Every structure is written in C-alpha cells, then in structure tokens.
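Worksheet: the structure to be examined is printed underneath.
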Amino acid sequence: MKSRFLFPNSCKKWGWILTIPALALGFCTMFIDDFAQYLPWLNVNLPGWFIGADFLQEGRGGPFTHNILPELIVTFLSAGLVLIAFSKEKVEDERISQIRLESLQWGVLINVLYVVLATVLVYGGSYLSVLVYNMFTPLLFFIIRFNWILYVQPRWERKEAL
C-alpha cells in the first residue's frame with residue numbers, strides 16, 4: 001500500500017526537535033505569569049495598522065511593541081506535531097496504515113468529546129483557552145495512541161505465539 005501524503009521517516013526527528021521546546025515554552029507561558037518578560041529579545045515593533053492593534057495599545061494608529069513568543073510556540077508546535085504524526089515509520093506496511101487510520105479516528109473522537117465537555121463545563125475566558133488548546137489535541141491524541149499501539153502490539157503478538 002503506497003502512502004502518498006507521508007513525510008520521510010527522518011522528518012520525525014525534526015518534529016520532536018520542534019515539539020519538545022515548544023511544549024516546554026507553552027507550559028511555561030501557561031503557568032508563569034507574564035513569562036514573555038523573561039524573553040525581551042522576542043519583542044518586535046509593529047505598525048498600528050496590524051489586526052488587533054487597537055486592543056494592544058491605548059492610542060489608535062501608532063506603533064506598538066509585541067512579544068512574538070505565542071506565535072512562535074503555535075508555529076513550532078503545529079509544525080512539529082504534523083511532522084511527528086505524518087512521517088513514515090521505518091517499515092510502513094498495511095498494518096501500520098490501519099493503526100494510523102484507527103488512531104486518527106480515535107484522536108478526532110476524543111477531541112470532539114473534549115470540546116463538548118468543555119462547552120458544557122467551562123465558561124468565560126477559560127473557554128477561549130480551551131479552544132486554543134483544542135488546536136493541538138487531535139494531533140496529540142493521535143500521536144499518543146498511534147505510538148502506544150505500536151509499542152504494545154508486538155508484545156501481544158509474542159504472548160499469543162506462546
């Protein structure tokens with residue numbers, strides 16, 4: 001079975017290189033108040049016509065300073081997760097393709113449950129945070145389940161052979 005839309009296996013390593021620091025910075029930003037102040041070299045001056053500028057500055061139309069840490073976290077985490085999730089395994093056969101499909105279905109189903117529960121149980125500004133995290137949860141659930149099945153299944157096969 002030929003997979004047309006998968007990256008080469010070597011891209012998985014680059015995915016982890018992008019994902020691990022992005023996750024670490026993401027957790028720091030979530031749990032440390034105003035974490036971006038510790039990285040002042042990420043401050044950039046933007047002109048006032050940027051979308052959202054009136055929310056970030058008192059006077060309209062003038063330039064403002066913005067720390068690009070959140071944008072870098074989202075970009076690196078998205079790219080890293082896509083590279084991890086959609087890179088070929090060393091041996092890419094029909095069994096791997098079936099596990100990949102089932103894991104993707106599980107990831108989407110768990111994500112839908114997550115969104116429905118969050119919609120019912122979370123309100124206000126916290127709900128916006130849940131929706132931001134929701135951008136990454138389908139790929140995270142997929143990667144976790146896919147790699148778990150690849151790790152556990154050979155053990156099942158060895159036990160059945162005995």
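Please read these numbers as outputs of a predicted model, since none were measured by experiment. Reckoned from all heavy atoms, side chains included, excluding hydrogens, waters and symmetry mates.
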- request: Any pair with a residue in residues 10-20 that passes salt bridge (charged side-chain N to carboxylate O under 4.0 Å, His left out), sequence neighbours left out, goes on the list, sorted by first then second residue, please.
  value: K12-E89
- line: Sorted by chain and residue number, the side-chain hydrogen bond (donor to acceptor under 3.5 Å, both in side chains) partners of Q37 (sequence neighbours excluded) come out as none
field: Other ILVMFWY residues reachable from I110 by side-chain steps of under 4.5 Å
entry: W106, F141
field: Minimum side-chain heavy-atom gap F76-L25 below 4.5 Å
entry: no
task: Apply ring pair (Phe, Tyr, Trp, His ring centres under 6.0 Å) to F146 and list each qualifying residue two or more places apart in sequence or on a separate chain.
output: F142
- prompt: Hey, are T137 and N111 close enough side-chain-wise for a donor-acceptor pair under 3.5 Å?
  reply: yes
Could you give the side-chain donor-acceptor pairs of residues 122-133 under 3.5 Å, partners two or more places apart or in another chain?
unit_1: Y123; atom_1: OH; unit_2: V120; atom_2: O; d: 2.7
unit_1: Y127; atom_1: OH; unit_2: T119; atom_2: OG1; d: 2.9

statement: Smallest heavy-atom separation, R100 atom then K88 atom, equals NH2-CA, 4.2 Å
task: Measure the shortest side-chain to side-chain distance between R145 and W148 over non-hydrogen atoms and say whether it is less than 4.5 angstrom.
output: no
- prompt: Looking at side-chain heavy atoms only, is the closest gap between L18 and T75 below 4.5 Å?
  reply: no
Results of side-chain hydrogen bond (donor to acceptor under 3.5 Å, both in side chains) for N43 - residues two or more places apart only: N67
message: When you group the ILVMFWY residues by side-chain heavy-atom contacts below 4.5 Å and let the links chain together, are L101 and F5 in the same group?
response: no
query: Can a donor-acceptor pair be found between the side chains of Q98 and E94 at a distance below 3.5 Å?
result: no
